[in-house]
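Let me begin by presenting the structure, written as structure tokens, before commenting on it.
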Number of protein chains: 2
Amino acid sequence: MPSDNVFKAISDPTRRKILRLLNGGEMTAGQIAEHFEISAPSMSHHFGVLKNADLIDVRRSGQQLFYSINTTVFEDVMTVLMELFGTGKEPDTISGGDTK
Amino acid sequence: MPSDNVFKAISDPTRRKILRLLNGGEMTAGQIAEHFEISAPSMSHHFGVLKNADLIDVRRSGQQLFYSINTTVFEDVMTVLMELFGTGKEPDTISGGDTK
DNA sequence: TCCATATTTAGCTAAACGTCTAATTATATC
DNA sequence: GATATAATTAGACGTTTAGCTAAATATGGA
């Protein structure tokens with residue numbers, strides 16, 4: 001059940017780019033940050049948002065934190081998207097979804 | 001080419017519900033507003049955001065404005081989403097997409 | 001234990017966002 | 001023209017968000 005924070009998470013271009021990068025395999029926070037001209041704390045903030053939305057996983061190895069993409073939410077997102085655009089099944093009643 | 005404002009548009013639960021409603025066919029601004037406990041101006045604002053993202057079309061008939069869903073952007077959104085989660089084709093280089 | 005490195009947490013600021021009320025525009029009817 | 005209805009635009013307000021710097025936490029090595 002993809003809640004609001006998933007859509008909020010992918011609504012930011014920086015976070016979408018992070019996801020694209022992680023698509024090539026897990027990376028450390030520092031490696032990811034190299035691809036941006038944004039301070040480390042700001043990057044950490046974005047990691048937090050993605051983590052909170054269950055879009056990425058973290059693993060510590062020594063001093064470094066390795067981030068990887070988590071595709072389990074992906075299917076849910078696609079389903080909601082298809083419902084929005086009428087490609088999926090027609091709802092009997094407009095459920096309202098997560099209005100708030 | 002779905003730009004930032006498309007993702008921003010669907011990041012709001014009220015606007016997602018509007019899209020779901022329009023999925024059943026075109027509706028007037030007033031008819032849509034009946035499904036929400038939000039002032040007409042606020043609803044109008046949401047229509048503007050969706051319109052700006054090319055997610056809905058408008059047509060005037062008399063005093064009323066009829067809104068309908070526009071699915072032309074849908075395919076683009078899906079493509080980007082699949083790219084984010086690695087379901088699509090692997091990019092040779094991380095293009096960065098619409099970082100800003 | 002002390003220092004360097006990697007990353008996060010805390011706290012701040014400016015911009016963006018969602019909402020509201022009041023005023024305006026557009027159309028229809030009398 | 002005057003009035004009613006449908007919807008928007010204008011402007012204000014509180015909250016959220018993305019960015020920053022400074023400080024804190026965690027790990028590894030001398």
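Predicted, not measured: the structure shown is a model, and the values here were computed from it. In what follows, chains are A, B, ... by sequence order, proteins preceding strands, each numbered from 1.
- Between the C1' atom of dT21(D) and the CD1 atom of Ile38(A) lies a distance of 15 Å, rounded to the nearest Å.
- Atom CD1 in Ile10(B) sits about 17 Å away from atom C1' in dC17(C), given to the nearest Å.
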Atom pairs under 3.5 Å: protein N/O with N/O of nucleotides 3-13 of chain D:
from	atom 1	to	atom 2	distance (Å)
dT5(D)	O2	Gln63(B)	NE2	2.3
dA7(D)	OP1	Ala29(B)	N	3.3
dA7(D)	OP1	Gly30(B)	N	3.4
dA7(D)	OP2	Gly30(B)	N	2.9
dT8(D)	OP1	Tyr67(B)	OH	2.3
dT8(D)	OP2	Ser44(B)	OG	3.0
dT8(D)	O5'	Ser44(B)	OG	3.0

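- Distances shorter than 4.0 Å separate some side-chain N or O of Ser39(B) from OP1 or OP2 on dC20(C).
- Put simply, CG on Leu50(B) is 13 Å from P on dC17(C), counting in whole angstrom units.
- The separation between Asp12(B) atom CG and dT16(D) atom C1' is 12 Å, rounded to whole Å.
- Between Asp4(B) atom CG and dA16(C) atom P there is a gap of 12 Å when expressed in whole angstrom units.
- At distances below 3.5 Å, not a single donor-acceptor pair connects side-chain atoms of Gln64(B) with backbone N or O atoms of Ser61(B).
- Side-chain atoms of Phe7(B) and Arg16(A), non-hydrogen and from C-beta on, do get closer than 4.5 Å to each other.
- In this structure the side chain of Thr14(A) reaches within 4.5 angstrom of the side chain of Phe36(A), judged on heavy atoms.
- Residue-to-nucleotide proximity on DNA chain D shows that, of Gly62(A) and Arg15(A), the 5′-proximal contact is made by Arg15(A).
- Per the geometry, CD1 belonging to Ile18(A) stands 12 Å off C1' belonging to dA18(D), to the nearest Å.
- Side-chain contact between Ile18(B) and Leu50(B): present, with at least one pair of heavy atoms (C-beta onward) separated by less than 4.5 Å.
- Residue pairs meeting the side chain to side chain donor-acceptor pair (under 3.5 Å) criterion with at least one partner in residues 47-58 of chain A, sequence neighbours excluded, are Asn5(A)-Asn52(A).
- Between Glu37(A) atom CD and dG19(D) atom P there is a gap of 12 Å when expressed in whole angstrom units.
- Judged as a side chain to side chain donor-acceptor pair (under 3.5 Å), the pairs with a partner in residues 37-50 of chain B (not counting sequence neighbours) are, in order, Arg15(B)-His46(B), Ser39(B)-Ser42(B).
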